[in-house]
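Since the structure comes first, as structure tokens, the remarks are kept for the end.
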Amino acid sequence: MCLGVPGVIIQISPLTEAGHTAVVDFSGVRREVCLDLVDEPVEVGDHVLVHVGFAIRRIAPEDLAETLAFFASLAAEDLEGLPPPVPPTGERES
Amino acid sequence: MTRHKDPPPFSDAHVRQAHGAGGPAMRALIESVFLAGPSADDPADAEARALDDGAAIPFGDQFLVLTTDAHVVHPVEFPGGDLGRLSVCGVVNDLAMMGACDVLGLTSSVILEEGFEISLLRRLQASVQAACREAGTRILTGDTKVMGRGEVDGVVFSTAGLGVTRRVVRDAGLRPGDTVIVTGTIADHGLAVLGARHDLGLQGDLRSDVAPLNGLIRAALAAGGGHIHAMKDPTRGGVTSALNEMASKSGVGVMLTEAAVPMTAAARAAAEILGIDPLMVANEGKALLGVAPEAVDAVLAALRAHPLGRAAAVIGRVTADEPGRVLLDTGFGTRRLVERDATPLPRIC
Amino acid sequence: MTAALQFRDPVRGEALLRRLARAVDATGATRERPVSVMHVCGSHEQAIARYGLRSRFPAALDVRMGPGCPVCVTDAPEIDAAVALARSGLHVLTYGDMLRVPGTEASLDDARAAGARVEVIYAATQAVAAARASAATVVFFATGFETTAVATGALLRAAPPDNLQVLSAHKWVPAAMEVVAENPNSRIGGYLAAGHAATITGWGVFEGFVARHGKPVVVAGFEPLDILAGLCVLVEQIAEGRAEVVNAFPRCVGREGNARALAALNDVFETDAGEWRGIAHVPSGNLRLRAAYAAHDAAHTFADRLAAAAEPIPRANAADCVCGAIMIGQACPTDCALFGRACRPDTPVGACMVSTEGACRIWYEARA
């Protein structure tokens with residue numbers, strides 16, 4: 001129901017009447033995103049989840065790793081006979 | 001013509017946006033209004049009723065190919081092109097898709113709204129001329145009309161083109177066993193225009209692919225000859241509409257492989273964040289080719305040797321099963337690609 | 001998108017499909033008596049459709065689409081209000097999803113075609129920018145669930161210009177899950193909850209639901225592996241007779257949610273009982289602006305225009321639409337007499353046919 005897209009902060013913008021904003025890169029296109037809803041400090045290089053122009057969560061590398069590990073454990077028993085999965089990189093964006 | 005099975009009933013009292021979106025509603029309007037009347041079953045009208053990109057007229061041992069296209073776009077200038085360039089390329093590409101890569105000439109009718117900026121008009125006309133040079137043709141004759149404020153939205157370019165070919169290629173010519181080739185990355189035009197139109201604030205290399213394809217197609221036809229069974233340019237409605245129309249008219253099915261469809265990183269990212277299916281987005285400088293397997297390597301090599309075909313790729317195959325259907329193998333399962341009657345909009349859900 | 005590609009890895013997808021098939025078998029379900037689960041999120045349906053996952057689900061698994069599409073559940077009178085304001089000469093902004101959804105007799109797109117000024121925006125911040133750039137009043141027809149409502153809340157808290165008016169049709173999705181679960185005829189064995197909504201609310205919000213209804217809830221994301229993993233964990237709980245909240249989307253969801261966003265939501269909005277299209281009455285399902293924000297509340301500012309707007313005349317067959325039963329999992333699109341006949345994508349009667357997320361639209365396109 002809600003299109004949320006992960007991206008990487010590449011620049012924190014100066015405070016303006018539009019509030020606290022940052023330029024976020026979404027694997028090839030960039031957009032100004034409002035930071036007024038994200039509930040922890042963010043900096044350049046952080047991954048954030050963006051919906052309708054607002055960052056709504058910082059995606060922590062450890063949370064990403066936890067998700068990947070969880071899925072890998074669910075899939076582990078059933079990989080027999082399949083080609084090798086995409087190797088995990090762990091800390092790139094969601 | 002091969003009628004689409006089960007044409008939707010036509011009960012509209014007024015023209016809607018959907019009637020111009022390149023999908024089933026547009027075909028219903030054409031069939032029930034423009035192709036209605038006493039001549040509906042006259043074999044002499046078969047050419048118009050084929051609803052191909054243009055009409056082929058036998059002329060000596062060759063064919064004259066005639067096509068016409070009215071162009072409007074908002075904004076008039078967009079990253080990678082403008083209305084002037086679009087008006088030339090749209091017509092040149094329709095001719096090329098019929099095999100007519102030698103363009104004898106174009107006509108250009110321009111309808112202007114009172115108040116339209118002359119400096120912008122000059123820029124559009126410069127684009128028209130530049131695109132004509134690229135395509136190796138020129139405007140032979142034209143017409144100008146001015147409407148009052150509000151009577152037309154800015155500017156309309158209506159262009160016709162005349163080409164010549166020894167062999168006509170139809171969009172209805174796909175055969176089971178053919179390979180489907182796309183001549184380059186998809187969705188660039190529609191996403192560039194959408195980004196500019198709705199002021200989405202997207203920064204990045206989103207550029208329209210608008211370009212005249214006759215040189216590229218000439219090279220492909222030289223390499224593939226009669227093994228190129230069908231061609232179509234995936235404009236409004238994108239690859240989805242073009243392939244549905246080709247499959248339906250040809251009485252075949254098409255299976256596409258999603259992972260093989262070429263896209264630029266910027267277009268892929270923009271489609272993702274806007275929630276838009278790139279297979280539904282318009283292209284203005286790409287072609288879909290149905291090619292017999294024995295000629296695929298030669299045609300691909302010829303396409304990739306041309307500057308406009310470097311990213312050409314095999315994206316699918318034509319099947320005898322499920323005629324009229326276009327299926328997509330996503331890597332996880334398959335889904336049907338269904339034409340829609342509306343230009344995609346950015347969505348938030 | 002390196003990691004995104006890992007969540008789209010067909011090899012792990014194949015393994016999860018095998019696991020899912022075993023889990024479905026373990027429930028004892030058959031094609032004739034399938035195990036039914038419901039997702040409450042239009043984006044789950046989008047992802048299922050986009051990746052062709054339905055073509056691979058076990059035959060004994062019935063994945064239903066619940067009231068999770070804000071476009072589908074926005075009630076006709078709410079759209080009528082936006083149409084009335086647009087027709088009265090006001091500049092109306094809305095998300096692309098809502099543009100073509102019919103109200104009682106017209107959509108915002110119809111109003112636009114007839115000359116009203118209606119524009120599509122993609123980010124909530126564009127509404128503020130449009131108001132700043134205009135001397136005239138700008139009405140933002142704000143739709144969506146809590147994920148989207150927090151953005152509307154944030155911009156109203158950030159001292160927006162006086163000429164920005166918000167017409168709120170925002171909804172609170174946990175309220176609709178209650179309505180579905182309380183239906184005594186429900187055969188839904190478990191729920192796949194919407195990942196991005198849970199980013200805001202936290203997964204803890206579902207603990208009370210599980211305790212009240214004894215059905216498992218799994219919070220899942222939107223990549224194909226997210227959905228397959230979520231379904232595995234959900235169906236395994238059903239097979240084992242367990243009912244817990246499991247967070248299968250830890251990269252974007254925590255237990256407590258986003259406190260700052262929830263503060264914006266609670267400060268600006270209050271819940272109110274309301275009609276959801278098709279489902280009828282949902283207690284605490286609507287989010288309306290609090291009195292403190294009345295100066296920016298279009299429903300308040302333009303109450304006279306809304307009251308004066310002509311009562312729209314319902315289209316003849318609207319009463320036969322069974323969208324509501326479809327959205328609570330009681331009916332399939334093919335159970336509806338209008339489906340594929342009077343109600344088609346080009347002439348939609350119910351919202352489930354308008355939205356590309358709608359169950360009827362997806363069924364129609366799959367079989368057409």
Side-chain angles (χ1 to χ4, degrees), chain A residues 1-6 17-21 26-28 31-40 47 49-54 56-94, chain C residues 1-7 9 11-12 14-19 22 40-44 68-70 95 122-126 128-129 132 144-145 147-148 150-151 154-155 157-158 173 194-197 199-200 221-222 225-226 229 232-233 248-252 254 258-261 264 357:
Chain A
M1 67 175 207
C2 310
L3 189 76
V5 190
E17 62 184 359
H20 292 89
T21 65
F26 302 93
S27 307
R31 199 181 189 292
E32 195 85 18
V33 160
C34 185
L35 299 176
D36 287 350
L37 286 174
V38 73
D39 59 349
E40 58 183 304
H47 292 247
L49 178 67
V50 176
H51 175 66
V52 294
F54 282 79
I56 56 172
R57 183 180 172 90
R58 173 174 171 266
I59 302 173
E62 57 273 23
D63 292 343
L64 183 56
E66 181 187 340
T67 311
L68 284 167
F70 178 46
F71 291 1
S73 74
L74 286 177
E77 295 172 41
D78 293 281
L79 286 168
E80 197 184 315
L82 296 174
V86 175
T89 59
E91 77 271 302
R92 294 296 298 271
E93 81 192 61
S94 141
Chain C
M1 279 223 187
T2 317
L5 291 181
Q6 293 174 51
F7 294 112
D9 172 14
V11 175
R12 286 220 173 81
E14 198 61 43
L16 291 174
L17 279 163
R18 291 176 180 178
R19 185 175 181 124
R22 275 208 316 280
V40 195
C41 181
S43 288
H44 279 154
C69 161
Y95 294 123
Y122 166 69
T125 43
Q126 284 176 281
V128 178
R132 286 217 167 89
F145 293 140
T147 328
T148 318
V150 294
L155 57 90
R157 293 218 302 179
V173 76
H196 292 147
T199 300
I200 304 299
F222 303 93
L225 294 194
D226 288 319
C232 284
V233 176
F249 196 33
R251 67 189 186 282
C252 289
N258 179 332
R260 192 174 179 196
E357 295 182 48

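The chains referred to below are lettered A, B, ... by the order of the sequence lines, with proteins before strands, and numbering in each begins at 1.
The one candidate from A:Leu37, A:Val50, A:Asp63 that meets the side chain to side chain contact (heavy atoms under 4.5 Å, CB included) condition with A:Arg57 is A:Asp63.
Closest heavy-atom contact between A:Ser73 and C:Arg19: O-NH1, 4.2 Å. A:Ala72 and C:Arg12 get closest at one heavy-atom pair: CA-NE, 4.0 Å.
Of the atoms belonging to C:Ala264, it is side-chain heavy atoms, and not backbone ones, that fall under 4.5 Å from chain A. Proximity to chain C is limited to the side chain of A:Leu49, based on heavy atoms less than 4.5 angstrom apart. Heavy atoms of C:Ile200 lying under 4.5 Å from chain A belong exclusively to its side chain. Residue C:Arg157 does not touch chain A at all, counting heavy-atom pairs closer than 4.5 Å. Looking at A:Ala76, neither its backbone nor its side chain comes within 4.5 Å of chain C, counting heavy atoms on both sides. Neither the backbone nor the side chain of C:Ala129 comes within less than 4.5 Å of any heavy atom in chain A. Contact annotation for C:Val150: both backbone and side-chain heavy atoms come within less than 4.5 Å of a heavy atom of chain A. Residue A:Glu32 does not touch chain C at all, counting heavy-atom pairs closer than 4.5 Å.
Counting heavy atoms from C-beta on, the side chains of C:Phe222 and C:His196 come closer than 4.5 Å.
Side chain of A:Asp36 to main chain of A:His20: a donor-acceptor pair is present (N/O by atom type, distance under 3.5 Å, no hydrogens or angles). Proximity of a side-chain donor or acceptor of C:Asn258 to a complementary backbone N or O of A:Ile56 within less than 3.5 Å is detected.
Chosen from C:Ala151, C:Ala124, C:Ala229, the residue pairing most often with chain A at heavy-atom distances under 4.5 Å is C:Ala151.
Both tests pass for C:Arg251 against the ring of C:Phe7: distance under 6.0 Å to the centre and angle within 45° of the axis.
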